[in-house]
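In what follows, chains carry the letters A, B, and so on, assigned in the order in which the sequence lines appear, proteins first and then strands, with residues in each chain numbered from 1.
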Amino acid sequence: MLKKPVAPEPRAEETVPVNIRLDRLQKSFGAKQVLTEVDLTIQPGQFVAIVGKSGSGKSTLLRLIAGLEKPTGGQISFNGQSSDESDANMTMMYQDSRLLPWKTVINNVGLGLSGDWHNRAESVLESVGLLSYKEEWPSTLSGGQQQRVALARALIRKPQLLMLDEPLSALDALTRIEMQNLIEELQQENGFTALLVTHDVREAVRLADRILLIENGTITLDVDNYAPRPRDLSSQGMVALEKKVLSKIMGT
Amino acid sequence: MKKTFQTKVLPWVIPALVLLLWQVVSSLQIVSPSLFPPPTNVFLSFWGLISSFVLFEHIQISLMRAFTGLLIGGFIGLSLGILNGWSKLSYFTFDTSIQMIRNVPHLALLPLAIVWLGIGETSKIFLVALGVMFPIYINTLHGIRSVNQGYVEMGKMYGLKGWKLFRHVYLPGALPSIFVGFRYALGVMWLTLIVAETIATSDGLGYLAMNARQFMQTEVIIVTIIIYALFGKLADVIAQMGERRALRWNPTYRE
Ligand SMILES: Nc1ncnc2c1ncn2[C@@H]1O[C@H](COP(=O)(O)OP(=O)(O)OP(=O)(O)O)[C@@H](O)[C@H]1O
Ligand SMILES: [Mg+2]
(Lines give C-alpha, C1' and ligand atoms only; values in the text may rest on other atoms or scores of the structure.)
(Ligands and ions follow the chains in the order given, each with its own letter.)
Protein backbone atom coordinates (compact mmCIF):
# COMPACT_ATOMS: atom_id res chain seq x y z
CA MET A 1 0.00 0.00 0.00
CA LEU A 2 1.21 3.43 -0.88
CA LYS A 3 1.71 5.85 2.01
CA LYS A 4 2.07 9.48 1.16
CA PRO A 5 3.29 11.89 3.81
CA VAL A 6 0.10 14.00 3.86
CA ALA A 7 -0.10 16.15 6.97
CA PRO A 8 -3.34 15.10 8.65
CA GLU A 9 -2.93 11.38 8.04
CA PRO A 10 -2.08 9.51 11.21
CA ARG A 11 1.29 7.82 11.23
CA ALA A 12 1.96 4.29 12.12
CA GLU A 13 4.70 5.08 14.64
CA GLU A 14 4.02 6.62 18.03
CA THR A 15 3.05 10.26 17.79
CA VAL A 16 5.56 12.73 19.06
CA PRO A 17 4.01 15.77 20.69
CA VAL A 18 5.00 18.99 19.06
CA ASN A 19 6.98 21.92 20.31
CA ILE A 20 5.49 25.27 19.30
CA ARG A 21 7.37 28.53 19.03
CA LEU A 22 5.77 31.87 18.35
CA ASP A 23 8.17 34.65 17.54
CA ARG A 24 6.90 38.26 17.66
CA LEU A 25 3.65 37.05 16.19
CA GLN A 26 1.33 39.78 14.94
CA LYS A 27 -2.09 39.79 13.41
CA SER A 28 -4.30 42.63 12.27
CA PHE A 29 -7.55 42.66 10.38
CA GLY A 30 -7.39 45.79 8.28
CA ALA A 31 -6.58 48.61 10.66
CA LYS A 32 -7.56 46.56 13.68
CA GLN A 33 -4.62 45.09 15.53
CA VAL A 34 -5.70 41.95 17.30
CA LEU A 35 -2.35 40.49 18.30
CA THR A 36 0.39 43.08 18.65
CA GLU A 37 3.25 40.91 19.78
CA VAL A 38 3.13 37.36 21.01
CA ASP A 39 6.30 35.52 22.01
CA LEU A 40 5.77 32.05 23.28
CA THR A 41 7.38 28.65 23.47
CA ILE A 42 5.28 25.64 24.31
CA GLN A 43 6.99 22.43 25.36
CA PRO A 44 5.96 19.18 23.73
CA GLY A 45 3.19 17.47 25.62
CA GLN A 46 2.34 20.54 27.64
CA PHE A 47 -1.29 21.29 28.40
CA VAL A 48 -1.69 25.03 27.98
CA ALA A 49 -4.82 27.00 28.78
CA ILE A 50 -5.40 30.39 27.22
CA VAL A 51 -7.78 32.75 28.97
CA GLY A 52 -8.78 36.33 28.25
CA LYS A 53 -11.75 38.54 27.72
CA SER A 54 -14.05 38.11 24.78
CA GLY A 55 -12.53 39.61 21.65
CA SER A 56 -8.99 39.53 23.04
CA GLY A 57 -7.79 37.36 20.18
CA LYS A 58 -7.70 33.85 21.66
CA SER A 59 -9.44 32.20 18.71
CA THR A 60 -7.33 34.22 16.33
CA LEU A 61 -4.20 32.86 17.99
CA LEU A 62 -5.41 29.29 17.56
CA ARG A 63 -6.38 29.93 13.96
CA LEU A 64 -2.93 31.33 13.27
CA ILE A 65 -1.27 28.28 14.79
CA ALA A 66 -3.61 26.03 12.82
CA GLY A 67 -2.66 27.82 9.62
CA LEU A 68 -6.24 28.95 8.98
CA GLU A 69 -5.08 32.58 9.06
CA LYS A 70 -1.83 34.11 7.89
CA PRO A 71 0.10 36.22 10.40
CA THR A 72 0.74 39.85 9.48
CA GLY A 73 4.08 39.65 11.23
CA GLY A 74 6.37 37.27 13.02
CA GLN A 75 6.97 33.55 12.84
CA ILE A 76 5.38 30.32 13.88
CA SER A 77 7.47 27.18 14.07
CA PHE A 78 6.86 23.60 15.05
CA ASN A 79 9.76 21.51 16.31
CA GLY A 80 12.08 24.12 14.88
CA GLN A 81 10.57 24.00 11.41
CA SER A 82 8.71 27.00 10.05
CA SER A 83 4.98 26.44 9.80
CA ASP A 84 5.03 26.25 5.98
CA GLU A 85 7.47 23.36 5.91
CA SER A 86 6.20 21.57 8.96
CA ASP A 87 3.85 18.67 8.55
CA ALA A 88 2.87 18.72 12.21
CA ASN A 89 -0.33 16.80 12.68
CA MET A 90 -2.89 18.99 14.41
CA THR A 91 -6.58 18.84 14.99
CA MET A 92 -9.12 21.24 16.44
CA MET A 93 -12.26 21.10 18.53
CA TYR A 94 -14.74 23.92 18.45
CA GLN A 95 -17.47 25.26 20.70
CA ASP A 96 -20.05 23.83 18.33
CA SER A 97 -19.17 20.26 17.56
CA ARG A 98 -19.20 20.81 13.79
CA LEU A 99 -20.14 17.24 13.17
CA LEU A 100 -21.41 16.94 9.63
CA PRO A 101 -25.13 16.27 10.13
CA TRP A 102 -25.29 14.17 6.93
CA LYS A 103 -22.75 11.65 8.16
CA THR A 104 -23.29 9.02 10.80
CA VAL A 105 -21.26 9.22 13.98
CA ILE A 106 -18.65 6.76 12.78
CA ASN A 107 -18.34 8.42 9.38
CA ASN A 108 -17.81 11.74 11.11
CA VAL A 109 -15.00 10.22 13.11
CA GLY A 110 -13.43 8.85 9.94
CA LEU A 111 -13.85 12.08 7.98
CA GLY A 112 -11.07 12.56 5.47
CA LEU A 113 -9.25 9.38 6.43
CA SER A 114 -8.30 6.84 3.83
CA GLY A 115 -7.48 3.19 4.11
CA ASP A 116 -9.02 0.96 6.71
CA TRP A 117 -9.95 3.28 9.53
CA HIS A 118 -13.10 1.54 10.76
CA ASN A 119 -11.46 -0.46 13.50
CA ARG A 120 -9.57 2.53 14.78
CA ALA A 121 -12.76 4.61 14.67
CA GLU A 122 -14.54 2.00 16.74
CA SER A 123 -11.84 1.86 19.36
CA VAL A 124 -11.62 5.64 19.64
CA LEU A 125 -15.42 5.83 19.91
CA GLU A 126 -15.17 3.27 22.66
CA SER A 127 -12.65 5.44 24.49
CA VAL A 128 -15.16 8.32 24.53
CA GLY A 129 -17.90 5.91 25.56
CA LEU A 130 -20.03 6.16 22.43
CA LEU A 131 -19.37 2.98 20.50
CA SER A 132 -23.03 1.98 20.63
CA TYR A 133 -23.98 5.23 18.87
CA LYS A 134 -21.75 4.68 15.87
CA GLU A 135 -24.56 4.37 13.34
CA GLU A 136 -26.65 7.27 14.69
CA TRP A 137 -27.11 10.65 13.04
CA PRO A 138 -25.41 13.45 15.00
CA SER A 139 -28.71 15.32 15.34
CA THR A 140 -30.04 12.57 17.59
CA LEU A 141 -27.20 13.02 20.09
CA SER A 142 -27.10 15.37 23.08
CA GLY A 143 -24.70 18.33 23.05
CA GLY A 144 -22.28 16.51 25.33
CA GLN A 145 -22.35 13.37 23.21
CA GLN A 146 -21.75 15.43 20.08
CA GLN A 147 -18.65 16.93 21.68
CA ARG A 148 -17.44 13.46 22.56
CA VAL A 149 -17.75 12.45 18.94
CA ALA A 150 -15.89 15.61 17.93
CA LEU A 151 -13.19 14.62 20.41
CA ALA A 152 -13.04 11.15 18.90
CA ARG A 153 -12.74 12.69 15.45
CA ALA A 154 -9.83 14.79 16.67
CA LEU A 155 -8.10 11.90 18.43
CA ILE A 156 -8.31 9.23 15.74
CA ARG A 157 -5.68 11.15 13.82
CA LYS A 158 -3.28 10.79 16.72
CA PRO A 159 -2.62 14.53 16.75
CA GLN A 160 0.68 15.94 17.88
CA LEU A 161 -1.24 19.07 18.80
CA LEU A 162 -4.87 19.29 19.82
CA MET A 163 -6.43 22.74 19.84
CA LEU A 164 -9.62 23.23 21.79
CA ASP A 165 -11.54 26.48 21.29
CA GLU A 166 -13.99 26.67 24.18
CA PRO A 167 -15.14 23.13 23.49
CA LEU A 168 -17.13 22.83 26.70
CA SER A 169 -18.71 26.24 27.09
CA ALA A 170 -22.03 25.18 25.59
CA LEU A 171 -22.43 22.22 27.94
CA ASP A 172 -24.21 21.97 31.26
CA ALA A 173 -22.12 21.90 34.43
CA LEU A 174 -22.25 18.15 35.02
CA THR A 175 -21.49 17.19 31.43
CA ARG A 176 -18.69 19.70 31.48
CA ILE A 177 -17.02 18.04 34.45
CA GLU A 178 -17.33 14.66 32.76
CA MET A 179 -15.79 16.03 29.60
CA GLN A 180 -12.96 17.72 31.52
CA ASN A 181 -12.12 14.36 33.08
CA LEU A 182 -12.22 12.68 29.70
CA ILE A 183 -10.00 15.26 28.04
CA GLU A 184 -7.53 15.17 30.91
CA GLU A 185 -7.40 11.39 30.85
CA LEU A 186 -6.93 11.17 27.08
CA GLN A 187 -4.29 13.88 27.04
CA GLN A 188 -2.33 12.17 29.81
CA GLU A 189 -2.65 8.88 28.00
CA ASN A 190 -1.72 10.08 24.50
CA GLY A 191 0.67 12.82 25.49
CA PHE A 192 -0.16 15.31 22.72
CA THR A 193 0.42 19.00 23.19
CA ALA A 194 -2.89 20.67 24.07
CA LEU A 195 -3.99 24.26 23.66
CA LEU A 196 -7.25 25.01 25.39
CA VAL A 197 -9.05 28.31 25.04
CA THR A 198 -11.56 28.82 27.80
CA HIS A 199 -13.53 31.49 29.62
CA ASP A 200 -13.66 29.35 32.69
CA VAL A 201 -10.67 29.99 34.93
CA ARG A 202 -11.55 26.99 37.09
CA GLU A 203 -11.42 24.83 33.99
CA ALA A 204 -7.99 26.24 33.13
CA VAL A 205 -6.71 25.60 36.65
CA ARG A 206 -8.23 22.13 36.63
CA LEU A 207 -6.69 21.00 33.33
CA ALA A 208 -3.65 23.01 32.40
CA ASP A 209 0.05 22.74 33.16
CA ARG A 210 0.36 26.35 32.24
CA ILE A 211 -2.08 29.26 32.05
CA LEU A 212 -1.71 32.20 29.70
CA LEU A 213 -3.68 35.40 29.77
CA ILE A 214 -4.08 37.43 26.60
CA GLU A 215 -4.78 41.13 26.96
CA ASN A 216 -4.35 43.99 24.52
CA GLY A 217 -2.88 41.73 21.90
CA THR A 218 -0.15 40.23 24.02
CA ILE A 219 0.47 37.73 26.81
CA THR A 220 0.24 39.50 30.13
CA LEU A 221 0.28 36.53 32.46
CA ASP A 222 2.08 33.23 32.17
CA VAL A 223 1.89 30.90 35.16
CA ASP A 224 2.85 27.28 35.55
CA ASN A 225 0.66 24.84 37.38
CA TYR A 226 2.54 21.83 38.69
CA ALA A 227 -0.21 20.45 40.89
CA PRO A 228 -0.43 16.67 40.67
CA ARG A 229 -3.36 15.00 38.93
CA PRO A 230 -6.16 14.32 39.50
CA ARG A 231 -6.57 17.76 40.93
CA ASP A 232 -8.58 18.85 43.89
CA LEU A 233 -9.94 22.27 43.05
CA SER A 234 -10.71 23.04 46.67
CA SER A 235 -7.10 22.65 47.76
CA GLN A 236 -5.29 25.78 48.88
CA GLY A 237 -2.87 25.99 45.97
CA MET A 238 -5.64 25.61 43.38
CA VAL A 239 -7.83 28.25 45.01
CA ALA A 240 -4.91 30.65 45.20
CA LEU A 241 -4.03 30.11 41.55
CA GLU A 242 -7.58 30.64 40.46
CA LYS A 243 -7.74 33.89 42.45
CA LYS A 244 -4.49 35.10 40.99
CA VAL A 245 -5.61 34.58 37.39
CA LEU A 246 -9.09 35.96 37.99
CA SER A 247 -7.88 39.12 39.69
CA LYS A 248 -5.45 39.74 36.87
CA ILE A 249 -8.24 39.37 34.29
CA MET A 250 -10.51 41.66 36.23
CA GLY A 251 -7.70 44.12 36.72
CA THR A 252 -7.99 44.24 40.50
CA MET B 1 -56.59 4.47 13.88
CA LYS B 2 -57.52 8.11 14.20
CA LYS B 3 -54.20 9.06 12.68
CA THR B 4 -54.74 6.97 9.56
CA PHE B 5 -58.16 8.54 9.11
CA GLN B 6 -56.59 11.95 9.28
CA THR B 7 -53.74 11.24 6.89
CA LYS B 8 -55.28 8.70 4.55
CA VAL B 9 -58.98 9.50 4.34
CA LEU B 10 -59.47 13.14 5.16
CA PRO B 11 -57.43 14.56 2.24
CA TRP B 12 -59.72 12.77 -0.23
CA VAL B 13 -63.05 13.91 1.18
CA ILE B 14 -63.22 17.20 -0.70
CA PRO B 15 -62.16 15.73 -4.09
CA ALA B 16 -64.83 13.05 -3.67
CA LEU B 17 -67.48 15.63 -2.83
CA VAL B 18 -66.51 17.76 -5.82
CA LEU B 19 -66.77 14.72 -8.08
CA LEU B 20 -70.19 13.91 -6.68
CA LEU B 21 -71.42 17.46 -7.08
CA TRP B 22 -70.08 17.55 -10.63
CA GLN B 23 -71.99 14.36 -11.49
CA VAL B 24 -75.21 15.69 -9.96
CA VAL B 25 -75.03 19.14 -11.56
CA SER B 26 -74.17 17.84 -15.03
CA SER B 27 -76.92 15.24 -14.92
CA LEU B 28 -79.39 18.08 -14.33
CA GLN B 29 -78.39 19.19 -17.86
CA ILE B 30 -78.41 22.90 -17.08
CA VAL B 31 -75.56 23.23 -19.55
CA SER B 32 -75.24 21.06 -22.63
CA PRO B 33 -73.39 17.80 -21.74
CA SER B 34 -71.00 18.35 -24.62
CA LEU B 35 -69.72 21.45 -22.84
CA PHE B 36 -69.96 20.10 -19.33
CA PRO B 37 -69.80 16.30 -19.47
CA PRO B 38 -70.51 14.27 -16.32
CA PRO B 39 -67.58 12.38 -14.75
CA THR B 40 -68.99 9.11 -16.02
CA ASN B 41 -68.59 10.31 -19.62
CA VAL B 42 -65.07 11.50 -18.88
CA PHE B 43 -64.26 8.11 -17.45
CA LEU B 44 -65.73 6.32 -20.48
CA SER B 45 -63.70 8.47 -22.84
CA PHE B 46 -60.61 7.85 -20.67
CA TRP B 47 -61.24 4.13 -21.01
CA GLY B 48 -61.73 4.43 -24.74
CA LEU B 49 -58.45 6.29 -25.15
CA ILE B 50 -56.63 3.71 -23.08
CA SER B 51 -58.04 0.67 -24.83
CA SER B 52 -57.24 2.08 -28.26
CA PHE B 53 -53.65 2.79 -27.14
CA VAL B 54 -53.98 6.31 -28.54
CA LEU B 55 -53.43 7.75 -25.12
CA PHE B 56 -50.20 5.87 -24.50
CA GLU B 57 -48.60 7.16 -27.65
CA HIS B 58 -49.35 10.73 -26.70
CA ILE B 59 -48.30 10.24 -23.10
CA GLN B 60 -45.10 8.63 -24.20
CA ILE B 61 -44.14 11.47 -26.47
CA SER B 62 -45.04 14.07 -23.83
CA LEU B 63 -43.03 12.30 -21.14
CA MET B 64 -40.09 12.01 -23.49
CA ARG B 65 -40.16 15.77 -24.08
CA ALA B 66 -40.59 16.53 -20.40
CA PHE B 67 -37.73 14.38 -19.21
CA THR B 68 -35.30 15.20 -21.99
CA GLY B 69 -35.87 18.87 -21.26
CA LEU B 70 -35.54 18.29 -17.53
CA LEU B 71 -32.35 16.34 -17.99
CA ILE B 72 -30.71 18.92 -20.21
CA GLY B 73 -31.91 21.99 -18.32
CA GLY B 74 -31.32 20.35 -14.96
CA PHE B 75 -27.80 19.39 -15.86
CA ILE B 76 -26.96 22.88 -17.09
CA GLY B 77 -28.62 24.56 -14.10
CA LEU B 78 -26.93 22.26 -11.62
CA SER B 79 -23.51 22.63 -13.20
CA LEU B 80 -23.73 26.40 -13.41
CA GLY B 81 -25.03 26.61 -9.85
CA ILE B 82 -22.19 24.50 -8.52
CA LEU B 83 -19.60 26.30 -10.59
CA ASN B 84 -20.77 29.77 -9.60
CA GLY B 85 -21.21 28.79 -5.97
CA TRP B 86 -17.74 27.34 -5.89
CA SER B 87 -15.77 29.95 -7.77
CA LYS B 88 -16.04 33.70 -7.32
CA LEU B 89 -14.47 34.22 -10.71
CA SER B 90 -17.09 32.12 -12.42
CA TYR B 91 -19.85 33.79 -10.41
CA PHE B 92 -18.86 37.28 -11.49
CA THR B 93 -18.40 36.14 -15.07
CA PHE B 94 -21.74 34.40 -15.52
CA ASP B 95 -24.27 35.31 -12.87
CA THR B 96 -25.38 38.70 -14.19
CA SER B 97 -25.92 37.31 -17.68
CA ILE B 98 -27.87 34.36 -16.34
CA GLN B 99 -30.04 36.64 -14.22
CA MET B 100 -30.77 38.79 -17.27
CA ILE B 101 -31.98 35.81 -19.28
CA ARG B 102 -33.94 34.58 -16.29
CA ASN B 103 -35.90 37.81 -16.22
CA VAL B 104 -37.39 37.06 -19.62
CA PRO B 105 -40.44 34.82 -19.11
CA HIS B 106 -39.25 31.76 -21.00
CA LEU B 107 -42.67 31.13 -22.52
CA ALA B 108 -42.37 34.48 -24.27
CA LEU B 109 -39.68 32.81 -26.36
CA LEU B 110 -42.17 30.31 -27.74
CA PRO B 111 -42.72 32.13 -31.05
CA LEU B 112 -39.00 32.62 -31.44
CA ALA B 113 -38.34 28.97 -30.64
CA ILE B 114 -40.81 27.93 -33.34
CA VAL B 115 -39.27 30.26 -35.90
CA TRP B 116 -35.75 29.12 -35.11
CA LEU B 117 -36.26 25.47 -34.28
CA GLY B 118 -39.52 24.61 -35.99
CA ILE B 119 -42.46 22.82 -34.44
CA GLY B 120 -40.53 19.57 -33.99
CA GLU B 121 -39.15 18.15 -30.80
CA THR B 122 -36.27 20.58 -30.47
CA SER B 123 -38.34 23.67 -29.79
CA LYS B 124 -40.32 21.99 -27.01
CA ILE B 125 -37.33 20.37 -25.38
CA PHE B 126 -35.52 23.68 -25.65
CA LEU B 127 -38.29 25.53 -23.85
CA VAL B 128 -38.62 22.93 -21.11
CA ALA B 129 -34.86 22.91 -20.60
CA LEU B 130 -34.79 26.70 -20.44
CA GLY B 131 -37.66 26.77 -17.97
CA VAL B 132 -36.27 24.19 -15.54
CA MET B 133 -32.74 25.52 -15.70
CA PHE B 134 -33.31 28.67 -13.67
CA PRO B 135 -34.98 27.33 -10.52
CA ILE B 136 -32.35 24.61 -10.34
CA TYR B 137 -29.55 27.09 -10.96
CA ILE B 138 -30.74 29.61 -8.37
CA ASN B 139 -31.34 27.05 -5.65
CA THR B 140 -28.11 25.17 -6.26
CA LEU B 141 -26.17 28.43 -6.15
CA HIS B 142 -27.93 29.50 -2.98
CA GLY B 143 -27.39 26.07 -1.43
CA ILE B 144 -23.68 26.02 -2.14
CA ARG B 145 -23.18 29.57 -0.95
CA SER B 146 -25.06 29.11 2.28
CA VAL B 147 -23.18 26.01 3.40
CA ASN B 148 -22.08 26.56 6.99
CA GLN B 149 -18.58 28.03 6.82
CA GLY B 150 -17.80 26.33 10.11
CA TYR B 151 -18.10 22.96 8.37
CA VAL B 152 -15.90 24.16 5.54
CA GLU B 153 -13.20 25.32 7.91
CA MET B 154 -13.43 22.13 9.92
CA GLY B 155 -13.22 20.09 6.72
CA LYS B 156 -10.08 21.91 5.63
CA MET B 157 -8.59 21.47 9.08
CA TYR B 158 -9.21 17.74 8.71
CA GLY B 159 -7.48 17.58 5.37
CA LEU B 160 -10.37 17.86 2.91
CA LYS B 161 -9.85 19.89 -0.20
CA GLY B 162 -10.95 20.09 -3.81
CA TRP B 163 -13.30 17.31 -4.86
CA LYS B 164 -13.33 15.73 -1.38
CA LEU B 165 -14.34 18.99 0.25
CA PHE B 166 -17.08 19.37 -2.35
CA ARG B 167 -18.34 15.83 -2.03
CA HIS B 168 -18.32 15.60 1.77
CA VAL B 169 -19.21 19.17 2.74
CA TYR B 170 -20.55 21.43 0.00
CA LEU B 171 -22.76 19.03 -1.92
CA PRO B 172 -24.59 17.45 1.03
CA GLY B 173 -24.89 20.88 2.64
CA ALA B 174 -26.51 22.27 -0.49
CA LEU B 175 -28.73 19.27 -1.14
CA PRO B 176 -31.84 20.46 0.74
CA SER B 177 -31.82 23.63 -1.33
CA ILE B 178 -31.14 21.72 -4.55
CA PHE B 179 -34.20 19.58 -3.89
CA VAL B 180 -36.34 22.67 -3.40
CA GLY B 181 -35.18 23.86 -6.81
CA PHE B 182 -35.75 20.48 -8.38
CA ARG B 183 -39.30 20.14 -7.14
CA TYR B 184 -40.10 23.65 -8.27
CA ALA B 185 -38.55 22.84 -11.64
CA LEU B 186 -40.88 19.86 -12.04
CA GLY B 187 -43.84 22.25 -11.89
CA VAL B 188 -42.23 24.51 -14.46
CA MET B 189 -41.53 21.49 -16.64
CA TRP B 190 -45.21 20.49 -16.92
CA LEU B 191 -46.39 24.05 -17.35
CA THR B 192 -43.96 24.68 -20.18
CA LEU B 193 -44.86 21.45 -21.86
CA ILE B 194 -48.60 22.11 -21.68
CA VAL B 195 -48.22 25.52 -23.27
CA ALA B 196 -45.71 24.40 -25.89
CA GLU B 197 -47.75 21.37 -26.87
CA THR B 198 -51.01 23.21 -27.26
CA ILE B 199 -49.50 25.72 -29.64
CA ALA B 200 -46.96 24.00 -31.77
CA THR B 201 -47.32 20.29 -32.16
CA SER B 202 -48.82 17.36 -33.95
CA ASP B 203 -48.70 14.85 -31.12
CA GLY B 204 -48.48 14.66 -27.34
CA LEU B 205 -51.03 15.32 -24.66
CA GLY B 206 -51.39 18.99 -25.52
CA TYR B 207 -52.11 18.12 -29.12
CA LEU B 208 -54.71 15.62 -27.97
CA ALA B 209 -56.47 18.37 -26.06
CA MET B 210 -56.30 20.90 -28.87
CA ASN B 211 -57.48 18.34 -31.36
CA ALA B 212 -60.40 17.45 -29.11
CA ARG B 213 -61.29 21.11 -28.89
CA GLN B 214 -61.79 21.24 -32.65
CA PHE B 215 -64.27 18.42 -32.44
CA MET B 216 -65.89 19.64 -29.24
CA GLN B 217 -64.86 16.50 -27.35
CA THR B 218 -64.90 18.22 -23.99
CA GLU B 219 -64.43 14.96 -22.10
CA VAL B 220 -61.14 14.30 -23.92
CA ILE B 221 -59.93 17.75 -22.94
CA ILE B 222 -60.78 16.99 -19.35
CA VAL B 223 -59.02 13.63 -19.59
CA THR B 224 -55.81 15.34 -20.69
CA ILE B 225 -56.06 17.87 -17.88
CA ILE B 226 -56.48 15.06 -15.38
CA ILE B 227 -53.51 13.23 -16.82
CA TYR B 228 -51.36 16.33 -16.53
CA ALA B 229 -52.46 16.64 -12.92
CA LEU B 230 -51.75 12.98 -12.20
CA PHE B 231 -48.31 13.08 -13.73
CA GLY B 232 -47.54 16.32 -11.95
CA LYS B 233 -48.50 14.77 -8.66
CA LEU B 234 -46.66 11.54 -9.43
CA ALA B 235 -43.47 13.37 -10.31
CA ASP B 236 -43.67 15.35 -7.11
CA VAL B 237 -44.29 12.25 -5.01
CA ILE B 238 -41.28 10.52 -6.51
CA ALA B 239 -39.15 13.61 -5.98
CA GLN B 240 -40.35 13.82 -2.41
CA MET B 241 -39.44 10.20 -1.81
CA GLY B 242 -35.98 10.84 -3.19
CA GLU B 243 -35.71 13.90 -1.00
CA ARG B 244 -36.69 12.01 2.15
CA ARG B 245 -34.20 9.30 1.37
CA ALA B 246 -31.33 11.65 0.53
CA LEU B 247 -31.99 13.95 3.46
CA ARG B 248 -32.88 11.41 6.10
CA TRP B 249 -30.07 12.77 8.26
CA ASN B 250 -32.07 15.98 8.60
CA PRO B 251 -34.72 15.85 11.34
CA THR B 252 -37.02 18.06 9.22
CA TYR B 253 -37.33 15.29 6.65
CA ARG B 254 -37.93 12.45 9.07
CA GLU B 255 -41.43 11.48 10.03
N1 LIG C 1 -11.88 37.36 10.03
C2 LIG C 1 -11.91 38.48 10.78
N3 LIG C 1 -12.06 39.67 10.18
C4 LIG C 1 -12.07 40.81 10.91
N5 LIG C 1 -11.94 40.85 12.24
C6 LIG C 1 -11.79 39.70 12.90
C7 LIG C 1 -11.77 38.44 12.20
N8 LIG C 1 -11.60 37.45 13.10
C9 LIG C 1 -11.54 38.05 14.29
N10 LIG C 1 -11.65 39.38 14.19
C11 LIG C 1 -11.59 40.35 15.29
O12 LIG C 1 -10.49 40.02 16.08
C13 LIG C 1 -10.80 40.21 17.45
C14 LIG C 1 -10.46 38.97 18.22
O15 LIG C 1 -11.34 37.91 17.82
P16 LIG C 1 -11.25 36.46 18.43
O17 LIG C 1 -12.33 35.69 17.83
O18 LIG C 1 -9.87 35.97 18.28
O19 LIG C 1 -11.55 36.76 19.96
P20 LIG C 1 -11.71 35.71 21.14
O21 LIG C 1 -10.72 36.08 22.17
O22 LIG C 1 -11.69 34.33 20.62
O23 LIG C 1 -13.16 36.07 21.67
P24 LIG C 1 -14.26 35.10 22.28
O25 LIG C 1 -13.81 34.83 23.67
O26 LIG C 1 -15.49 35.93 22.26
O27 LIG C 1 -14.33 33.90 21.43
C28 LIG C 1 -12.25 40.60 17.52
O29 LIG C 1 -12.35 41.98 17.74
C30 LIG C 1 -12.79 40.25 16.18
O31 LIG C 1 -13.77 41.15 15.81
MG1 LIG D 1 -13.11 32.78 20.42
J.: Which atoms of A:Ser139 are under 4.5 Å from chain B, going by heavy atoms: the side chain, the backbone, both sets, or neither?
T.: side chain

J.: Please evaluate residues B:Arg248 and B:Glu243 with respect to the criterion salt bridge (charged side-chain N to carboxylate O under 4.0 Å, His left out), reporting the C-alpha separation (whole Å), side-chain torsions for both, the decisive distance (0.1 Å), and the verdict.
T.: CA-CA 8 Å; B:Arg248 65 197 188 285; B:Glu243 187 177 34; over 6 Å; no

J.: Kindly determine whether B:Tyr137 and B:Asp95 satisfy side chain to side chain donor-acceptor pair (under 3.5 Å), including the steps that lead there.
T.: CA-CA 10 Å; B:Tyr137 168 72; B:Asp95 187 67; 2.6 Å; yes

J.: Output the option from B:Val169, B:Asn250, B:Leu175 having the highest count of non-hydrogen pairs under 4.5 Å with chain A.
T.: B:Val169

J.: Can you tell whether the side chains of B:Glu121 and B:Arg65 come within less than 4.0 Å, N to carboxylate O?
T.: yes

J.: In terms of side-chain geometry, is the basic nitrogen of A:Arg176 or A:Asp200 positioned less than 4.0 Å from the acidic oxygen of its partner?
T.: yes

J.: Which atoms of A:Thr140 come close to chain B, meaning under 4.5 Å heavy atom to heavy atom: side chain ones, backbone ones, both, or neither?
T.: side chain

J.: Heavy-atom distances under 4.5 Å only: say whether A:Arg63 touches chain B with side chain, backbone, both or neither.
T.: side chain

